[in-house]
Amino acid sequence: MNKWSRKTIPRRQWVKALRKLEKGPGLSIEDIAVPEIGPHDCLIEIDRAAICGTDLHIYEWDPWSAGRIKPPVTTGHEFMGRIVELGKEVTHLPKGMRVTAEGHIICGYCKYCRTGNGHVCENVKIIGVDREGAFTRYLSMPAANIWPIHEKIDDKYGSIFDPLGNAVHSVRAQDIAGKNVLITGAGSIGLFSIPVAKAFGATKVIVVEPVELKRKLAYECGADLCIDPSSSDAKDQVLQESNGIGPEILIEMSGNQHALRFGLEVLQNGGEAALLGIPSRPVELDVNRLIIFKSITIRGINGRLMFKTWYDSEQFLLKHASEIDPILTHTFPITEFEQGFQLLKDGKAGKISLTLEDFHE
Ligand SMILES: [Zn+2]
Ligand SMILES: [Zn+2]
């Protein structure tokens, strides 16, 4: 035993974890060993987690996850908990502190890391995807990734810093103050983007979303107009709501090629588009008409800025947390995870949280 690891959590015990055991659909609850921690790591006892679209892809074993995931692996990357053990070299964090963490673990030595662009690190490892995730009792995380949860921020928001951060990063990637913003796709990150855009100064937020429940949630989050893309006058409705010439900003959250084309179509000349939604296959675009001659700027959005986005998200939550309450539609014990995944799959939920108490015994 290394002399620095004065262990407080007995390593001989087994704990439960929600894992992908084999290549193929589904997840199962399995016993795993308590993880070891290195000198620069923290051991976190997880209290709450949340289900992400990424977890649903892994659950369903879509082509993306089949190419990326190497079972067996514990899933989950959105979480909050408390520090229960510290590596020997970790001096800036106390045991017992409520924390969440940036789930992208970066190398620190590639060009991107060394120029302050760790969010596009070429050697990134994502928890719950490339290494052990958070749907379990104990998680080992590098201390550099830990984000202390402000004492005025409730546990239920503590577990959603990751997807909220995606929304904050997408909204903050361009100057949106005083501008009209179109959001295509009202999944939970699209929904988070509504109050975030308002908080950072957007004039109007227009949402395009085919699912009625999600349009309803979007209104509850402060959207000015929600449009069903299948209605024949969808484009006219957007133009009418944005001075006849369309919004200045598009935030594409659906990954749907029709939504992307629709968004670029209605964007005003000189507009800017932030793309976070991930299309399942290559998209065909009329680049001349939709981008070049309109002088559109397009940005890909990946992860969260480390850690500027986290500071922005904290500021947002301190003042506006209650505005995202309509999005937090369900909470289940982790043992009832199937129910959560099913609701998400059916488009019948906003953000689904899981409590980990069942795994604490
Ligand atoms: Zn996520
Ligand atoms: Zn790197």
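Each of I227, I194, V266 was scored for a side chain to side chain contact (heavy atoms under 4.5 Å, CB included) with I206, with one residue passing: I227. Exactly one of R98, K95, R82 qualifies for a salt bridge (charged side-chain N to carboxylate O under 4.0 Å, His left out) with E45. That residue is R82. Here the options are K351, M80, R48, the test is side chain to side chain contact (heavy atoms under 4.5 Å, CB included), and the partner is I160; only K351 passes. Evaluated for a side-chain hydrogen bond (donor to acceptor under 3.5 Å, both in side chains) with Y59, the options K345, K20, E338 yield exactly one hit, E338.
In terms of heavy-atom proximity, W14 sits nearest to I32 at CE3-C, 3.2 Å. I105 approaches P142 most closely through the heavy-atom pair CD1-CD, 3.8 Å. Annotation for L93 and C42: closest pair CD1-SG, 3.8 Å, computed over non-hydrogen atoms. Heavy atoms only, all atoms of each residue included: V205 and A197 are closest at CG2-CB, 4.0 Å. The minimum heavy-atom distance between A349 and L213, with the atom names listed, is N-CD2, 3.9 Å. The two residues L343 and F332 have their closest heavy-atom pair at CD1-CZ, 3.6 Å.
Hydrophobic cluster membership differs between L21 and I334, with clusters built from Ile, Leu, Val, Met, Phe, Trp and Tyr side chains linked at under 4.5 angstrom. In the hydrophobic cluster analysis, where Ile, Leu, Val, Met, Phe, Trp and Tyr join through side-chain heavy atoms closer than 4.5 angstrom, L276 is grouped apart from V208. Residues L225 and V211 are members of separate hydrophobic clusters, defined by side-chain heavy-atom contacts under 4.5 angstrom among Ile, Leu, Val, Met, Phe, Trp and Tyr. Cluster membership check: L264 does not share its hydrophobic cluster with I251, using side-chain heavy-atom separations under 4.5 Å among Ile, Leu, Val, Met, Phe, Trp and Tyr. V287 and L250 fall within the same hydrophobic cluster, where Ile, Leu, Val, Met, Phe, Trp and Tyr residues are linked whenever their side-chain heavy atoms come under 4.5 Å apart, directly or through other members.
The environment of CD in E212 is sparse: at most 12 heavy-atom neighbours from other residues, nucleotides or ligands sit within 6.0 Å. Within a 6.0 Å sphere centred on CD1 of I278, other residues, nucleotides and ligands contribute 12 heavy atoms or fewer. Residue R114 places its CZ atom among 12 or fewer non-hydrogen atoms of other residues, nucleotides or ligands, all under 6.0 Å distant.
Checked by atom type and distance alone, the side chain of N117 never pairs as donor or acceptor with a backbone atom of C113 at under 3.5 Å. In this structure a side-chain-to-backbone donor-acceptor pair under 3.5 Å is missing from K179 to P247. Checking side-chain atoms of N180 against main-chain N and O of E248 turns up no donor-acceptor pair under 3.5 Å. A donor-acceptor pair under 3.5 Å is absent between the side-chain atoms of E60 and the main chain of D62, judged by distance alone. No donor-acceptor pair closer than 3.5 Å links the side chain of S254 to the backbone N or O of A259. Put simply, the side chain of S65 gets close to the backbone of H57: a donor and an acceptor are under 3.5 Å apart. Side chain of D286 to main chain of R289: a donor-acceptor pair is present (N/O by atom type, distance under 3.5 Å, no hydrogens or angles). Proximity of a side-chain donor or acceptor of D312 to a complementary backbone N or O of T309 within less than 3.5 Å is not detected. In terms of modelled atom types and a separation under 3.5 Å, the side chain of E314 and the main chain of L317 share no donor-acceptor contact. Side-chain N or O atoms of D154 include one that pairs as donor or acceptor with a backbone N or O of K156 at under 3.5 Å.
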Exercise. Go through the steps for I44 and V99 under the test side chain to side chain contact (heavy atoms under 4.5 Å, CB included), then give the verdict.
Key: CA-CA 8 Å; I44 301 163; V99 297; 4.0 Å; yes

Exercise. For side-chain hydrogen bond (donor to acceptor under 3.5 Å, both in side chains), just list the numbers for T91 and E89, CA-CA rounded to whole Å, side-chain angles, deciding distance to a tenth of an Å, and then say yes or no.
Key: CA-CA 6 Å; T91 53; E89 304 293 339; over 6 Å; no

Practice problem: May I have the step-by-step check of side chain to side chain contact (heavy atoms under 4.5 Å, CB included) for S193 and M253, ending in yes or no? | Solution: CA-CA 9 Å; S193 302; M253 293 296 190; 3.2 Å; yes

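Among residues two or more places apart in sequence or in another chain, the side-chain contact (heavy atoms from CB on, under 4.5 Å) test is passed with A186 by L191, V207, E209, K214. Residues satisfying the ring pair (Phe, Tyr, Trp, His ring centres under 6.0 Å) test with H320, not counting sequence neighbours, are F316. When the side-chain hydrogen bond (donor to acceptor under 3.5 Å, both in side chains) test is applied to D358, the partners found at least two apart in sequence or on another chain are T335. Contacts of D236 classified as side-chain hydrogen bond (donor to acceptor under 3.5 Å, both in side chains), with partners at least two apart in sequence or in another chain: none.
Counting Ile, Leu, Val, Met, Phe, Trp and Tyr side chains that sit under 4.5 Å apart, directly or through other members, V120 shares a hydrophobic cluster with Y112.
For the atom pair CG of D228 and CZ of R215, the computed distance is 4.0 Å after rounding to the nearest 0.5 Å. Rounding to the nearest 0.5 Å places OG of S159 at 9.0 Å from CG of L354. Considering OG of S295 and CD of E272, their distance stands at 10.0 Å, rounded to 0.5 Å. Considering NE2 of H77 and CD1 of I51, their distance stands at 11.0 Å, rounded to 0.5 Å. Atom NE2 of H40 is separated from atom CG of L86 by 13.0 Å, given to the nearest 0.5 angstrom. From I46, atom CD1 reaches atom CD of E357 across 13.5 Å, with rounding to the nearest 0.5 Å.
No side-chain heavy atom of Q237 sits less than 4.5 Å from a side-chain heavy atom of Q240. The shortest side-chain heavy-atom distance between T329 and L217 falls under the 4.5 Å cut-off. Using a 4.5 Å heavy-atom threshold, the side chains of N256 and T184 count as separate. In this structure the side chain of W61 reaches within 4.5 angstrom of the side chain of P71, judged on heavy atoms. The closest side-chain heavy-atom distance from H104 to R304 is below 4.5 Å. A 4.5 Å side-chain heavy-atom check between Y157 and I149 finds every atom pair outside the cut-off. Within the 4.5 Å cutoff, the side chain of L182 has no heavy atoms near those of the I249 side chain. At a threshold of 4.5 Å between non-hydrogen side-chain atoms, the residues L18 and T136 do not count as touching.
The residues E361 and K16 are annotated as not salt-bridged, no charged nitrogen and carboxylate oxygen being separated by less than 4.0 angstrom. Between R137 and D47, no side-chain nitrogen of the basic residue sits less than 4.0 Å from a carboxylate oxygen of the acidic one, so the salt-bridge criterion is not met. Under 4.0 Å is where a charged nitrogen must lie from a carboxylate oxygen, and between E132 and R19 at least one such pair does. Salt-bridge check for K216 with E220: passed, with a basic side-chain N closer than 4.0 Å to an acidic carboxylate O.
Relative ring orientation between F161 and W310 is described as parallel, the plane-to-plane angle staying below 30° on a 0-90° scale split at 30° and 60°. Using cut-offs of 30° and 60° on the angle between ring planes, the pair F341 and F135 is perpendicular.
Applying the ring pair (Phe, Tyr, Trp, His ring centres under 6.0 Å) test to residues at least two apart or on different chains, the pairs with a partner in residues 164-196 are H119-H169.
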